[in-house]
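Notes for the one structure printed next.
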Amino acid sequence: MTRFFIKKWHWILLAAAACLAGLQLTNPPRTNPPVKSDFLAETKPPAGIATCLRAACYDCHSHETIWPWYSRVAPMAWLVAADVNEGREHFNFSEWPKADAGSAAKKLDRINEVLDYREMPPKKYTLIHTDARLTEAQRKQIMEWTDAEAQKLRSQMPAP
Ligand code: HEC
């Protein structure tokens, strides 16, 4: 068996390269559908907060994904597309419920929650995207703003 690999290694390498090349044909599409209602445009946070959220969250949670070069290369292409699809499904800054104060307030609460638990942005993402790292001060600032914004929305709602 070992003899077989030693004698045929260049064919095995070639077959592996061909498989990898073939895999590239199956790369998932890199989509950016039209933005329906942008969170930052609707809620107008202070510029510093807007910059942070765009850098730390928008690649996975909006229709304005900046697709990195490695998202063209299988198997990374699959991992990146899966993150973006799942991210958009769970929380989408490009579909902000501007006409529904209750729903918008709940979404602000969820941003606050994932920051509080340090769940987002994911570590595997900030490892590469250093500009997406949030300092403690930035985290606090965003959380205070989401809290105040959610309260403001709730105070505008008619009593249940
Ligand atoms: C690398 C991609 C990526 C980045 C960057 C990212 N997220 Fe996520 N996020 C996900 C994925 C995938 C999920 C769904 C699975 C999960 O909960 O881990 C998710 C889930 C969420 C949820 C939903 C949790 C729930 O209650 O279901 C919220 C809210 C959220 N992210 C907010 C954020 C915020 C705010 C940022 C920026 C500070 C951010 N995310 C950055 C990928 C990302």
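Counting starts at 1 for both ligands and their atoms, in listed order. Only heavy atoms go into these numbers, but all of them, side chains included; no hydrogens, no water, no symmetry mates.
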Please verify the inter-ring angle class for Phe91 with His61; under 30° counts as parallel, over 60° as perpendicular, anything in between as tilted.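 If you compare the ring of Phe91 with that of His61, the planes turn out perpendicular.
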Would you mind listing which atoms of ligand 1 come within a distance below 4.0 Å of any non-hydrogen atom of [X]?
| X | value |
| --- | --- |
| His90 | 14 (C), 27 (O) |
| Ile111 | 35 (C) |
| Asp83 | 1 (C), 12 (C) |
| Cys60 | 1 (C), 2 (C), 3 (C), 4 (C), 5 (C), 42 (C), 43 (C) |
| Glu86 | 12 (C), 14 (C), 15 (C) |

Ignoring hydrogens and angles, tell me if any N or O in the side chain of [X] forms a donor-acceptor pair with the backbone of [Y] under 3.5 Å.
| X | Y | answer |
| --- | --- | --- |
| Ser62 | Glu64 | yes |
| Asn112 | Met143 | yes |
| Ser94 | Val35 | no |

Taking distance alone, with N or O pairs closer than 3.5 Å, would you say Arg110 contacts ligand 1?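 Yes; the residue has a nitrogen or oxygen that sits under 3.5 Å from a nitrogen or oxygen of the ligand.
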Who's the nearest protein heavy-atom neighbour of [atom], and how far?
| atom | value |
| --- | --- |
| atom 21 (C) of ligand 1 | His61 CE1, 3.4 Å |
| atom 29 (C) of ligand 1 | Phe91 CD1, 3.4 Å |
| atom 18 (O) of ligand 1 | Met120 CE, 3.9 Å |
| atom 5 (C) of ligand 1 | Ala56 O, 3.2 Å |

Examine Leu153 and Ile49 and state if one hydrophobic cluster contains both, with Ile, Leu, Val, Met, Phe, Trp and Tyr joined whenever side-chain heavy atoms are less than 4.5 Å apart.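 Yes.
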Minimum heavy-atom distance [X]-[Y], with the two atoms named:
| X | Y | value |
| --- | --- | --- |
| Gln138 | Arg133 | OE1-O, 3.8 Å |
| Ala56 | Pro121 | O-CB, 3.5 Å |
| Leu108 | Thr146 | O-CB, 3.8 Å |

Counting only heavy atoms closer than 4.0 Å, does ligand 1 sit against the backbone of Pro121, its side chain, both, or neither?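 Contact part for Pro121 vs ligand 1: both backbone and side chain.
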Can you figure out which of Gly87, Cys57, Ala132, Ser62 has its heavy atom closest to atom 36 (C) of ligand 1?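 Minimum heavy-atom distance to atom 36 (C) of ligand 1 goes to Cys57.
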Between Asp109, Leu108, Val114, Thr146, which one has a non-hydrogen atom sitting closest to atom 28 (C) of ligand 1? Val114
Within-4.5 Å side-chain heavy-atom neighbours: Leu14 and Trp9: no
